[in-house]
Amino acid sequence: MDYFGFPTFLFFLNLLFISSRISFALDTINPNQPLRDGDTLVSAGQRYELGFFSLADPNRRYLGLWYKNISPRTFVWVANRENPLSNNLGSLNITRQGNLVIANIRNEISWSTYIPTIAKEPVAKLLDSGNLIVRDANDSNEENILWQSFDHPADTLLPGMKLGGSLGTGSSRFLSSWKSKDDPAAGEFHLQIDVRGYPQLILNSERGILMRAGSWNGLSFAGDRPNSVFEYEFVLNVTDVYYKYEVRNSSMISRFTLNPDGVAQRSIWNDTSSEWMLFSSSPADECENYALCGAYGTCDISSSDVCSCLEGFKPKSPRDWNLRDWSAGCVPRQPIECNNDDIFIKHERIKLPDTSSSWFDRSLSLAECEGLCAKNCSCFAYANLDIRDKGSGCLRWFGNLIDIRESYVDEQDLYVRLAAPKLEGSGSNLKAGIIAGCVSLSIITMLLFLCIWRRKNVRKYVKSKISYGENNANFTDNEEEMDLPLFKLHTITEATNNFSSINKLGQGGFGPVYKGTLMEGQEIAVKRLSKSSGQGLKEFKTEVILLVKLQHRNLVKLLGCCIHKDDKMLVYEYMPNRSLDSFIFDQTRSKMLDWPTRIHIIDGIARGLVYLHQDSRLRIIHRDLKLSNILLDSNMNPKISDFGMARIFGVDQTEGNTKRVVGTYGYMSPEYAVDGLFSVKSDVFSFGVMVLEIVSGKKNRGFCHPDHDRNLVGHAYMLWTKGTPLEIVDECLTDSLRPSEVVRCINIALLCAQQRPEDRPNMSSVVVMLSSEIRLPEPKQPGFFLERNPPEASISSNSHQSFSANEVSVTLLKPR
């Protein structure tokens, strides 16, 4: 070899070594090119990476999949989770037959696949979906997969993965938790599709079923509502049963994991904060514990007793029941004899019972389902299989009804079998019973008459009676009856120093608000409604009823109320930082709200509205959202307040109309101000206006600009179309500004303030938009308008001068 020969050989040998290392930045291996420890495969879109790794113990090496550009490293799949390698000298190989094998330096196998067919030219490829596949390179159809990691999940379900299996072969795909955060071996918990009876999603362990997400209702599993972020699919046919989900925005990174502690979580990656944002978590409350209330018991997390018996049933063990041990469940009050007199009681909007002992038929109607159940003495209940449209299919139960939950949105109605009520006794006993019944009926009639008479004459008496401290009294109207926390008048007077002007916090649209301190030291805020405030008894009751029922960290908490003659008072938790408008529109105090604080407030308001619109037991339209109705606690957490104008919607109701428009100019949506039409999208519009005010520090109503006569929304849209949206930002935010976040907020605000309600996003989508980097659509023309000489800033439904939709003078403006 000449002088230059050996160095040249070394150069080419080194180049070959470097090229072999670089090749593993690709996404494929073949039998001639194994994946050694230290090298990785990377999917074509740079989203996923496959390689060897260690956790707490460096001598335990695993082959796994993780997100390439997310730190800290987040694993989605582990191959040899039960049998790690003891050092970093292992490799992943693909055999000539097409099987993947993990082996150490002595060729001892740690993990392998099994492929019954032999591939002519097998290759293993990491896809951008996070799926590691084996296929035959000679096969022109790339969808012909011989093996895939998606069929062998660990603790994570990725978009496109199937949870379930084959009814023919008995194969099953399920999630199994890690033993601990440092041990990926299969842990105690498993999430799977239970195929007994009508398939349902369950969380179980060696102890049995721990939680049941329920059966598929045509849209989703129980409690996992359809939304604008995820799309769910459930397939059930003669060969397969499986569930999967997709992300509507393909750029969004999402995962569904089963944690070592048995909690199933759906998360979205937030590039802005570089963290996983929790979208949903289960079990979320006590009612998700499987069979908590026993057979024929139903769970309601909002109830103080949590468990109760279905109508027509009673506790099997009253003593245990009173001790809050509900496991024995309930039994019928009257034995079911299975005859033509049996009836079926309808229970609305519940999570259906465990379907493992059920029978189903998609072709039957609800009436046919009832007929079949009535004829079979072993059939204890029936329901529709699918809630879409008017309902379809038949689901029947042939065992105890277990794991029922109340107040589920978009859930089925359940029809439960009961014995028909009977008159007991015969002969003289029957005659005595009839006489007693007639006497009782007469007494009830007289009492009913007295109640009607009393209802017309007793209102002042009731107000006075309540205010003097009958703390167990009920506050009732035609539709609602509930226990209320009531304060005596002298308690409120002492707490506020006889409503001293020194204690006055401010003047709201319906009267003054005072700070008070109770005897035990608790600080309170008392809203005293003036006689001319316009908020009558109906609005007062609305606010009280809603605030008692609604509980959320971003809603103001009601502590109680007091009624004395014509005085009506609401007692709230005290908010030391008062209302948001007192900061935003004050040149000095606005400097206390830097950008991180403002985006925190925006996010909190959005989450409070999501609760009102879809997550609470009721669907609430606030109708008077504005900065002065957003209160701030000591940590600057926002609390939505003032529910006097709110409207309660039914589950299936999406919009309403009124001849009396209420709310505040500058925040009302066009369709509401002009036509009296309101919906959740009316609140979305108001939210969009509030966001622009928070970002700019300026009011929408009364906004002035030397170059045009648009309001703040119109000005923001004009700047957006010019490509200069940051010109609207409050000058005091210069030092804390995060331009990309601010532009995103302005974009979201303009989407919310679009003229057509159907173009505006719902609030759950807004929350995701705020906390992710998903690409946002361009906003269309906003629904901004100016009033022509409006007589008042606020419109009250009970003011002396009320305004109908036809009386409110507004002008819709188009950007120019």
Side-chain angles (χ1 to χ4, degrees), residues 302-305 451 454-551 555-576 578-579 629 631 633-634 639-646 798:
S302 64
S303 172
S304 58
D305 293 329
C451 286
R454 186 175 182 273
R455 190 173 185 82
K456 293 180 179 180
N457 297 277
V458 80
R459 176 167 294 185
K460 290 185 179 180
Y461 170 75
V462 170
K463 290 180 183 177
S464 177
K465 194 176 182 73
I466 290 177
S467 68
Y468 283 109
E470 289 190 301
N471 292 326
N472 293 322
N474 285 335
F475 185 66
T476 64
D477 62 12
N478 291 331
E479 296 177 353
E480 301 283 350
E481 179 170 339
M482 61 196 313
D483 292 330
L484 289 177
L486 302 169
F487 286 87
K488 296 179 181 180
L489 178 60
H490 73 82
T491 301
I492 302 299
T493 303
E494 291 179 0
T496 60
N497 193 20
N498 200 21
F499 302 104
S500 167
S501 59
I502 299 176
N503 287 49
K504 189 173 180 179
L505 296 173
Q507 182 76 28
F510 290 121
V513 180
Y514 297 89
K515 180 183 177 181
T517 304
L518 299 176
M519 291 289 292
E520 58 271 23
Q522 182 179 6
E523 292 183 320
I524 58 174
V526 179
K527 181 165 76 170
R528 189 180 192 185
L529 306 177
S530 62
K531 298 176 184 178
S532 60
S533 68
Q535 181 166 9
L537 187 61
K538 179 180 179 181
E539 288 82 4
F540 180 78
K541 287 181 177 181
T542 297
E543 184 158 11
V544 170
I545 289 167
L546 289 181
L547 287 172
V548 168
K549 287 189 174 183
L550 301 176
Q551 298 292 330
L555 302 185
V556 69
K557 183 177 180 181
L558 181 71
L559 301 179
C561 67
C562 175
I563 303 176
H564 178 70
K565 297 183 179 179
D566 290 330
D567 265 337
K568 299 181 290 291
M569 286 165 275
L570 293 171
V571 182
Y572 298 99
E573 58 178 334
Y574 174 63
M575 294 287 110
R578 305 191 185 182
S579 59
N629 283 340
L631 305 182
D633 68 10
S634 57
K639 310 266 188 175
I640 301 172
S641 69
D642 204 340
F643 287 82
M645 299 304 176
N798 251 2

S.K.: Rounded to the nearest 0.5 Å, what separation is found between the CG atom of Asp642 and the CD1 atom of Ile640?
M.R.: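 CD1 of Ile640 is found 11.5 Å from CG of Asp642.
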S.K.: Does any N or O in the side chain of Ser641 come within less than 3.5 Å of the main-chain N or O of Asn629, such that one atom is a donor and the other an acceptor?
M.R.: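 Indeed, once roles are kept as given, a pair shorter than 3.5 Å links the two residues.
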S.K.: For residues Pro576 and Ser634, report the shortest heavy-atom separation together with the two atoms involved.
M.R.: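 Residues Pro576 and Ser634, closest heavy atoms: CG-N, 3.6 Å.
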S.K.: Considering residues at least two apart in sequence or located in another chain, which fulfil the side-chain hydrogen bond (donor to acceptor under 3.5 Å, both in side chains) criterion with Asp305?
M.R.: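 Partners of Asp305 by the side-chain hydrogen bond (donor to acceptor under 3.5 Å, both in side chains) criterion come out as none, since no residue qualifies.
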S.K.: If you compare all heavy atoms of Ala525 against all heavy atoms of Glu573, which two are closest, and at what distance to 0.1 Å?
M.R.: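 Looking at all heavy atoms of both residues, the closest pair is CB-O, 4.2 Å.
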S.K.: Answer yes or no: is there a side-chain heavy-atom contact under 4.5 Å between Leu486 and Cys562?
M.R.: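 No, too far: nothing below the 4.5 Å cut-off.
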S.K.: Enter the distance from Leu529:CG to Ile563:CD1 here, rounded to the nearest 0.5 Å.
M.R.: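 So the gap between those two atoms works out to 9.5 Å.
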S.K.: Which pair of non-hydrogen atoms, one from Arg578 and one from Leu505, has the smallest distance, and what is that distance?
M.R.: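 Heavy-atom minimum between the residues: NH1-O, 3.2 Å.
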S.K.: Does Glu523 have any side chain to side chain contact (heavy atoms under 4.5 Å, CB included) partners at least two apart in sequence or in another chain, and if so, which?
M.R.: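 If we apply the side chain to side chain contact (heavy atoms under 4.5 Å, CB included) test to Glu523, skipping adjacent residues, the hits are Lys515, Thr517, Tyr574.
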S.K.: Indicate every side-chain donor-acceptor pair of residues 493-500 with a distance under 3.5 Å to a residue at least two apart or in another chain.
M.R.:
from	atom 1	to	atom 2	distance (Å)
Thr493	OG1	Leu489	O	2.9
Thr496	OG1	Ile492	O	2.9
Thr496	OG1	Thr493	O	3.4
Thr496	OG1	Phe499	N	3.1
Ser500	OG	Ile502	N	3.1

S.K.: Which atoms form the tightest heavy-atom contact between Arg528 and Asp567, and what is the distance?
M.R.: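 Residues Arg528 and Asp567, closest heavy atoms: NH2-OD2, 3.0 Å.
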S.K.: What is the distance from atom CG of Asp633 to atom NZ of Lys639, rounded to the nearest 0.5 Å?
M.R.: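 Those atoms lie 5.0 Å apart.
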S.K.: Find the distance between CD1 (Ile524) and CG (Leu518) and round it off to the nearest 0.5 Å.
M.R.: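 Separation between the atoms: 4.0 Å.
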